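Keep in mind it's a predicted model, so treat the numbers as computed, not measured. Because only heavy atoms are used, hydrogens play no part in the values below, and waters and symmetry mates are left out as well, while side chains stay in.
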Amino acid sequence: MTTDMRSVTYLRDREAVIRLTQELVRIESVYRGEGIPGGNEEKVANYVADVLRSYAIETHVEEVVPGRPNVIGIVDSGKPGPTLLFEGHTDVVTEGNREAWTHDPFGAEIIGGRMYGRGTNDTKGNLACMITAVHSLLQDGEEFRGKIILCIPCDEEGMMIGIKDFIKKGWADGVDGAIICEPEENNVCIAQRGAMRIQVDMYGKMAHGAISWSGINPNWRMARLIVELEKLEKAEQERLGEDPYLKWPSITPTILQAPVKGDAQINVIPDHCRMTLDIRTVPAQDHAGLRGKIDAIIENLKAEDPDFNCELTILDDRPATSTSKDEPVVQAIYDAVQHVTGKEPVYNGVPGATDGTFLHVHGVPIVTIGAGDRDIPHQIDEYVDIEELAETTAIYREAALRFLNREGAES
């Protein structure tokens with residue numbers, strides 16, 4: 001493609017990705033719970049499916065649970081070659097208090113070179129980039145080998161049931177590389193922190209606050225556990241040091257609730273205290289080993305106190321991921337960033353988990369990259385820079401060609 005033609009393509013795709021992002025953001029897709037009309041991803045998923053069909057892309061819509069479908073697009077060159085997957089989810093987190101927003105959270109207003117709204121950054125903007133990039137290849141009749149899969153799942157912001165269903169149904173089988181389309185300032189992210197979510201239930205005996213010796217206070221016991229977990233966090237940080245892309249592993253108490261049922265009262269010792277832990281790990285940590293250290297702390301506290309009655313429930317367990325710089329999908333993205341921006345790409349890591357976590361577990365090499373300030377997801381007045389959307393679209397387009405047409409990738 002000539003330089004002039006590349007410029008024409010870039011400008012065409014820029015307008016297309018802006019328009020598609022606005023259309024997606026204006027369709028609310030917050031999951032608001034079962035039975036709430038419109039409180040899921042169904043409407044935006046059906047819209048995306050219609051867009052793909054209008055581009056003559058083979059399209060599948062598969063309901064994961066009622067009202068929450070995955071959309072899968074397939075572009076097959078008809079020639080032997082590798083399979084590249086783009087992934088971008090349709091759900092967004094709640095807008096919270098709408099009155100706190102300066103801009104309509106679902107208005108997709110463009111002001112001063114930025115588009116505002118829930119999902120502009122995380123990750124409807126990047127979903128629009130990947131769709132636009134693939135459509136661009138088709139519009140220009142670009143030659144490539146192999147196959148492109150557009151994976152557009154529901155529920156990334158929850159328990160990731162969409163990507164789990166996608167994998168379970170075999171769509172990820174035979175995928176040679178995946179580009180996870182998330183807001184990373186177009187850094188080439190080759191690592192992700194893992195996540196363990198644990199519910200801790202501490203049981204005691206209800207009593208009058210003035211007659212504390214007649215009860216068993218679960219709050220004191222929970223406090224001792226929290227102190228020991230903070231020591232464990234510091235010990236893990238000292239043992240592992242700072243990860244070059246992910247910084248420090250962490251153990252974070254998030255919710256403390258007592259009593260768990262019934263009304264709290266200042267002069268009543270509760271019979272039950274509950275805590276949740278948001279544990280974030282780095283690739284050097286083993287989740288089973290970490291769980292063993294937590295279990296050992298609890299056993300020691302039980303040995304010291306016969307009234308220490310504690311139960312742990314694992315709510316979620318997502319391993320940390322790491323992808324070699326030598327993986328073809330990483331090299332394709334790195335070279336594409338350099339080609340499009342004219343700058344040296346920046347390697348980085350994702351501070352949280354993504355749908356890519358489960359693709360990684362399935363054996364698919366992943367790299368995460370996309371438009372958007374890394375600190376903006378889930379905030380009031382979420383936004384994305386318009387020019388970054390255009391740049392990301394060009395990067396995805398170039399990376400697809402480089403990955404699929406690379407030397408030695410004929411089969």
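Each of N70, I72, T90 was scored for a side-chain contact (heavy atoms from CB on, under 4.5 Å) with I152, with one residue passing: T90.
With values rounded to the nearest 0.5 angstrom, Q22 atom CD is found 12.5 Å from I27 atom CD1. To the nearest 0.5 Å, the span separating CZ on R397 from SG on C129 amounts to 13.5 Å. Atom CZ of residue R197 and atom CG of residue L315 lie 9.0 Å apart, to the nearest 0.5 angstrom. Between atom OG1 of residue T354 and atom CD1 of residue I163 there is a gap of 8.5 Å, rounded to the nearest 0.5 Å. Within the model, atoms SG of C273 and CZ of R221 stand 11.5 Å from one another, a figure rounded to the nearest 0.5 Å. How far CG of D13 is from CD of E391: 13.5 Å, rounded to the nearest 0.5 Å.
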Requested in this report: Kindly determine whether D335 and R406 satisfy salt bridge (charged side-chain N to carboxylate O under 4.0 Å, His left out), including the steps that lead there.
Outcome: CA-CA 12 Å; D335 292 343; R406 71 188 189 276; over 6 Å; no

Query raised in the report: Can you check side-chain contact (heavy atoms from CB on, under 4.5 Å) on I111 and H103, steps first, answer last?
Result: CA-CA 10 Å; I111 300 172; H103 310 280; 3.3 Å; yes

Query - Residue pair D278, T254: steps toward the side chain to side chain donor-acceptor pair (under 3.5 Å) verdict - result: CA-CA 7 Å; D278 185 3; T254 50; over 6 Å; no

Requested in this report: Quick one: do S250 and R193 satisfy side chain to side chain donor-acceptor pair (under 3.5 Å)? Show the steps, please.
Outcome: CA-CA 10 Å; S250 60; R193 292 173 90 193; 3.0 Å; yes

**Report entry** Check against side-chain contact (heavy atoms from CB on, under 4.5 Å), E230 and I251
**Finding:** CA-CA 7 Å; E230 184 181 26; I251 300 174; over 6 Å; no

Report task. Before giving the answer on side-chain contact (heavy atoms from CB on, under 4.5 Å), spell out for Y396 and V17 the whole-Å C-alpha distance, their side-chain angles and the decisive distance to 0.1 Å. Result -> CA-CA 12 Å; Y396 290 167; V17 76; over 6 Å; no

Report task. With salt bridge (charged side-chain N to carboxylate O under 4.0 Å, His left out) as the test, would you mind laying out the steps for K168 and D165 before giving the verdict? Result -> CA-CA 5 Å; K168 181 181 178 181; D165 188 77; 5.9 Å; no

**Report entry** Candidate pair I369 and V337, rule side-chain contact (heavy atoms from CB on, under 4.5 Å), full reasoning
**Finding:** CA-CA 10 Å; I369 186 170; V337 171; 3.5 Å; yes

Query raised in the report: Would E304 and R224 satisfy salt bridge (charged side-chain N to carboxylate O under 4.0 Å, His left out), going step by step from the backbone distance to the final call?
Result: CA-CA 11 Å; E304 296 171 0; R224 291 174 201 149; over 6 Å; no

Requested in this report: Report the C-alpha separation of T9 and D140 in whole Å, then their side-chain angles, then the decisive distance to 0.1 Å, and conclude whether the side chain to side chain donor-acceptor pair (under 3.5 Å) test is met.
Outcome: CA-CA 8 Å; T9 296; D140 292 340; 3.2 Å; yes

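Every pair passing ring-ring contact (aromatic ring centres under 6.0 Å, His included) that includes a residue from residues 120-155 is listed here, sequence neighbours excluded: Y55-H135. Listed by first and then second residue, the salt bridge (Lys or Arg N to Asp or Glu O under 4.0 Å) pairs that reach into residues 80-107 are E28-R98, R32-E95, E95-R98, sequence neighbours excluded. Listed by first then second residue, pairs satisfying ring-ring contact (aromatic ring centres under 6.0 Å, His included) with a partner in residues 346-378 read Y334-Y347, not counting sequence neighbours.
Under the 4.0 Å criterion applied to side-chain N and carboxylate O atoms, R19 and E15 are not assigned as salt-bridge partners. Taking the charged nitrogens against the carboxylate oxygens, E387 and R14 do have a contact shorter than 4.0 Å, which makes a salt bridge.
Side-chain contact between V30 and F106: present, with at least one pair of heavy atoms (C-beta onward) separated by less than 4.5 Å. Side chains of R374 and C189 form a contact here, defined as non-hydrogen atoms less than 4.5 Å apart. Under the 4.5 Å side-chain criterion, counting only non-hydrogen atoms from C-beta, E344 is in contact with Q338. Taking the side chain as every heavy atom from C-beta outward, L137 and I148 approach each other to under 4.5 Å. Side-chain contact between P283 and L246 is present, with heavy atoms from C-beta onward closer than 4.5 Å. The shortest side-chain heavy-atom distance between V92 and E157 does not fall under the 4.5 Å cut-off. The side-chain heavy atoms of L240 and V282, taken from C-beta on, include a pair separated by under 4.5 Å. In this structure, the side chains of K231 and V227 come closer than 4.5 Å at one or more pairs of heavy atoms.
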Show which side-chain atoms of residues 176-183 pair as donor or acceptor with protein atoms under 3.5 Å away, not counting sequence neighbours.
{"from": "D176", "atom 1": "OD2", "to": "T83", "atom 2": "N", "distance (Å)": "2.8"}
{"from": "E182", "atom 1": "OE2", "to": "H89", "atom 2": "NE2", "distance (Å)": "3.2"}

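Counting only distance, with no hydrogens or angles, the side chain of E63 and the backbone of G67 share a donor-acceptor pair below 3.5 Å. With hydrogens and angles ignored, the 3.5 Å screen pairs no side-chain donor or acceptor of S136 with any backbone N or O of T132. With hydrogens and angles disregarded, no donor-acceptor distance shorter than 3.5 Å links the side chain of D355 to the backbone of E156. A donor-acceptor pair under 3.5 Å is absent between the side-chain atoms of R274 and the main chain of D201, judged by distance alone. Judged by distance alone, with hydrogens and angles left aside, the side-chain atoms of D385 form no donor-acceptor pair with the main-chain N or O of E388 at under 3.5 Å. Panel note: side chain K164, backbone M159; a donor-acceptor pair is recorded below 3.5 Å. The main-chain N or O of I366 is found under 3.5 Å from a side-chain atom of T323 such that the two form a donor-acceptor pair. With hydrogens and angles disregarded, no donor-acceptor distance shorter than 3.5 Å links the side chain of K325 to the backbone of I190. Within the 3.5 Å criterion, the main-chain N or O of I269 finds no donor-acceptor partner in the side chain of N217. With hydrogens and angles ignored, the 3.5 Å screen pairs no side-chain donor or acceptor of T21 with any backbone N or O of A128.
Nearest heavy-atom pair across A172 and L359 is CB-CD2, 3.9 Å. In terms of heavy atoms, Y203 sits closest to P218 at C-CB, 4.1 Å. Among all heavy-atom pairs drawn from I380 and A100, the shortest one is CG2-O, 3.4 Å. The minimum heavy-atom distance between E41 and R68, with the atom names listed, is OE2-NH2, 2.7 Å. In this structure, P249 and Q285 approach most closely via the heavy-atom pair CB-OE1, 3.1 Å. The two atoms that bring C310 and L225 nearest to each other are SG-CD2, 4.4 Å, heavy atoms only.
With sequence neighbours left out, the side-chain contact (heavy atoms from CB on, under 4.5 Å) criterion links I376 to N121, D373, Q379, E382, Y383. Evaluation of the side-chain contact (heavy atoms from CB on, under 4.5 Å) rule for E143 yields K79 as partners, not counting sequence neighbours.
When the shell of 6.0 Å around NZ of K169 is examined, it contains more than 12 heavy atoms from other residues, nucleotides or ligands. Atom NZ of K43 sits in a sparse spot, with 12 or fewer heavy atoms from other residues, nucleotides or ligands closer than 6.0 Å.
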